[in-house]
There are 2 protein chains.
Amino acid sequence: MSLRHAMLGLLAERPSSGYDLMKRFETSLTNVWPATQSQVYGELGKLAKAGLLEVVAEGPRGRKEYAITPEGRAELRHWLAETRPDRSRRSEMLLRVFFLDLLTPLEAVAYLSTEAERAASLRADLEQVKEQVQWDDGPLSVNGRLALEYGLRLSAMQEEWARWAAEQIGGTQAAEAGKS
Amino acid sequence: MSLRHAMLGLLAERPSSGYDLMKRFETSLTNVWPATQSQVYGELGKLAKAGLLEVVAEGPRGRKEYAITPEGRAELRHWLAETRPDRSRRSEMLLRVFFLDLLTPLEAVAYLSTEAERAASLRADLEQVKEQVQWDDGPLSVNGRLALEYGLRLSAMQEEWARWAAEQIGGTQAAEAGKS
DNA sequence: CTTCGACATTCCAACGTCGACATGTCAAAG
DNA sequence: CTTTGACATGTCGACGTTGGAATGTCGAAG
């Protein structure tokens, strides 16, 4: 349901075509709210029909540039300021944890170790992003920094937890599996 | 896609009717993989047709008790041991963070503070669960403990992050004010 | 005997997401 | 001049999730 709001948010910063929007989704919002082409173009049409967006320019190849309307801004603001985020957490990773006793302790420890490594490598990636990105203090970069820091802390927590959990199950076996 | 596996997992522990299964979902898996009635009953039929489950008893009110078959167990094990969890993270909470500059600093700080409080209260709840639950060392309670600990660490991290983020914005605001 | 709450199943319409397919234009490189 | 790759939009069917409605049985309390 918040795809529309993600799009309104991006278009509030600057007008874009569907194609541009897709690229902006891929670079900045992939980790937070992924979107496919069909979804974006479909929603673009709906939002325009609803008066929250309008076509402000047409270019080559049938390009249509969309901009947010005052109604769109109002809707966006309303969403941000007056509604609570939907907190429906669904974690396949955690679901598996509930059934870990169906595996041998060795397999279970291997699962948790893999999780730990995945988290560690994600964390390393984010750490690199943090250093590479120009924090030139546009308004987006402040928010981006907050989100990045969240990812950093989350992946750190996940790694620690997974290592701890592996130890709970495997005891000495955890160290063995972790090494390999 | 993993609803089927969640159901297989629960039925691997003990046979249940759809109604029972619903209650087990609500008590143990709500926070990890919520499911609705229509979903559970629908999937029950599909899994039985596919030979992963079978009806082992019929009771009063049309009650049908389902048990996992060897094929079902094989599928469950395969899922657990030989596939990687789908990690599609979608966070409306974080999406909002990207657009926080559309609010006044005061409103943004309010948003983050609310998040911090929500995390803190969740953490308190989980802490209580931790103490109330009988950790009688069934096989489920080991896994349950791991999952609970994850929730504990996650909510702690979220609270810290939200407080930190609120400070970042408040601090920026102070700096701006100082400049002018 | 009636009522009420827990038990119990089944069906359906609507929505969001996903992946694939179809169609076509324009600019630059070979 | 042809090919290639980026640009650009649009449609489709399948799937999983959601919420609601319909239907009915059984046991216990009043």
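Reminder, nothing fancy here: chain letters follow the sequence lines and each chain counts from 1.
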Exercise. Would you say Ser16(B)'s side chain and Leu21(B)'s backbone share a donor-acceptor pair under 3.5 angstrom?
Worked result: no
Problem set entry | Charged N-O contact under 4.0 Å between Arg163(B) and Glu159(B) | yes
For this session: When you get a sec, tell me which of dA8(C), dC18(C), dT9(D) is the closest nucleotide to the side chain of Gln37(A)?
Result: dT9(D)
For this session: Check whether any side-chain N or O of Tyr41(A) sits under 4.0 Å from OP1 or OP2 of dT9(D), and answer yes or no.
Result: yes
Problem set entry | Nearest-angstrom distance from the residue atom CG of Leu21(A) to C1' of dG10(D) | 16 Å
For this session: Using atom OH of Tyr19(A) as one end and atom C1' of dG24(C) as the other, report the distance to the nearest whole Å.
Result: 14 Å
Exercise. What is the ring orientation for Tyr150(B) with Trp161(A), classed by angle as parallel under 30°, tilted 30 to 60°, or perpendicular over 60°?
Worked result: perpendicular
For this session: Between Glu65(B) and Thr36(A), just flag the one whose closest nucleotide in DNA chain C comes earlier from the 5' side.
Result: Glu65(B)
Exercise. Judged by atom type as modelled, is there a donor-acceptor pair below 3.5 Å linking the side chain of Tyr111(A) to the main-chain atoms of Val97(A)?
Worked result: no
For this session: Would you please confirm or rule out a distance under 4.0 Å between OP1 or OP2 of dA8(C) and any side-chain N or O of Arg63(B)?
Result: yes
Exercise. Quick one: does Arg73(B)'s side chain have a donor or acceptor within less than 3.5 Å of a partner on Ile68(B)'s backbone?
Worked result: no
Seminar exercise, completed: Rounded to whole Å, the CE-P distance (Met22(A) to dT17(C)) equals 13 Å
Seminar exercise, completed: From the candidates dA8(C), dT17(C), dT9(D), the one with an atom nearest any side-chain atom of Trp33(A) is dT17(C)
Exercise. Given atom CG of Leu53(B) and atom C1' of dT9(C), what is their separation to the nearest angstrom?
Worked result: 16 Å
For this session: Measure from CZ on Arg89(B) to C1' on dT17(C) and round the result to the nearest Å.
Result: 17 Å
Exercise. Want to settle it: does Gly62(A) or Pro34(A) sit nearer the 5' end of DNA chain C, counting the closest nucleotide to each?
Worked result: Pro34(A)
Exercise. Ser38(B) near the nucleic acid: base, sugar-phosphate alone, or nothing, with a heavy-atom cut-off under 4.0 Å?
Worked result: base
For this session: Verify the contact: side-chain N or O of Arg90(B) to OP1 or OP2 of dC18(C), cut-off strictly under 4.0 Å; return yes or no.
Result: yes
Exercise. Could you give the CZ-to-P distance, from Arg61(B) to dA28(D), as a whole number of Å?
Worked result: 10 Å
Exercise. Quick one: is Lys46(A) getting a side-chain N or O under 4.0 Å of the dC15(C) phosphate, OP1 or OP2?
Worked result: no
For this session: Report which part of the nucleic acid Gln39(A) touches: base, sugar-phosphate, or nothing (heavy-atom distance under 4.0 Å, all strands).
Result: sugar-phosphate
Exercise. Does a side-chain N or O from Lys23(B) land closer than 4.0 Å to OP1 or OP2 of dC7(C), or not?
Worked result: yes
For this session: Provide, to the nearest angstrom, the distance between the CD atom belonging to Glu92(B) and the P atom belonging to dT17(C).
Result: 11 Å
Exercise. dG16(D) C1' sits how many Å from Leu44(B) CG, rounded?
Worked result: 16 Å
Exercise. Hey, does Leu3(A) reach any base, or is it just sugar-phosphate, or nothing, if we go heavy atoms under 4.0 Å?
Worked result: sugar-phosphate
